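Bear in mind the structure is a predicted one, so any value in this text is a computation, not a measurement.
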Amino acid sequence: MMNEYKTEKIKALIAQRIKELKGETSYTDIAKKCNIYPGKISNVANNKIDCQLSSLIEIATGLRVHPRQIFEIMFDFEDYYANLDGISKNKKTSKRK
């Protein structure tokens with residue numbers, strides 16, 4: 001069985017998180033507080049493009065939040081990594097003999 005990487009799902013959750021942090025603030029107002037264009041902020045928040053870490057830092061700056069808040073998403077990384085490694089989450093043991 002091949003493990004499924006969830007990069008696209010995680011990226012979508014991060015985009016949604018940016019929208020949550022943005023609230024009713026316009027992309028133009030966020031852009032005025034950082035070094036990134038409103039259209040790019042919109043594209044990231046709507047999961048239309050991949051972006052560099054520097055862009056996420058700029059978006060956090062424009063939102064006036066710590067960059068880690070962008071990554072505070074509802075995703076079970078522990079279970080995901082255990083699955084990728086072939087480990088039972090409950091037993092924390094390998095499936096190897």
Hphob cluster co-occupancy, Phe71 + Met74, side-chain heavy atoms under 4.5 angstrom: no

Looking at every non-hydrogen atom in both residues, tell me the closest pair between Ala31 and Ile36 and how far apart they are. CB-O, 3.3 Å

With a cut-off of 3.5 Å and sequence neighbours excluded, list every side-chain donor-acceptor pair involving residues 37-44.
unit_1, atom_1, unit_2, atom_2, d
Lys40, NZ, Ser55, OG, 3.1
Ser42, OG, Asn46, ND2, 3.2
Asn43, ND2, Gly39, O, 3.4

Here the gap from Leu63 atom CG to Ile18 atom CD1, rounded to the nearest 0.5 Å, amounts to 7.5 Å

Once you round to the nearest 0.5 Å, how far does CD of Glu78 lie from CD1 of Ile87? 10.5 Å

Mind checking whether Lys11 and Asn47 have side chains closer than 4.5 Å, heavy atoms only? yes

Set of residues satisfying salt bridge (charged side-chain N to carboxylate O under 4.0 Å, His left out) with respect to Lys6, sequence neighbours excluded: Glu4

Which pair of heavy atoms, one from Ile70 and one from Arg17, lies closest together, and at what distance? O-CG, 3.3 Å

Rest of the hydrophobic cluster containing Leu53 (Ile/Leu/Val/Met/Phe/Trp/Tyr, side-chain heavy atoms under 4.5 Å)? Ile57

Report yes if some heavy atom in the side chain of Cys51 is under 4.5 Å from a heavy atom in the side chain of Leu56; otherwise report no. yes

Could you label the plane-to-plane angle of the Tyr80 and Phe77 rings as parallel, tilted or perpendicular, counting under 30° as parallel and over 60° as perpendicular? perpendicular

A side-chain contact here means heavy atoms from C-beta on lying under 4.5 Å apart; do Tyr5 and Leu84 qualify? yes

Interatomic distance, CD@Glu72 vs CG@Leu21, rounded to 0.5 Å, equals 8.0 Å

Do Lys33 and Thr61 touch side chain to side chain, with heavy atoms closer than 4.5 Å? no

Of all heavy-atom pairs between Ile73 and Leu13, which one has the smallest distance, and what is that distance? CG2-O, 3.6 Å

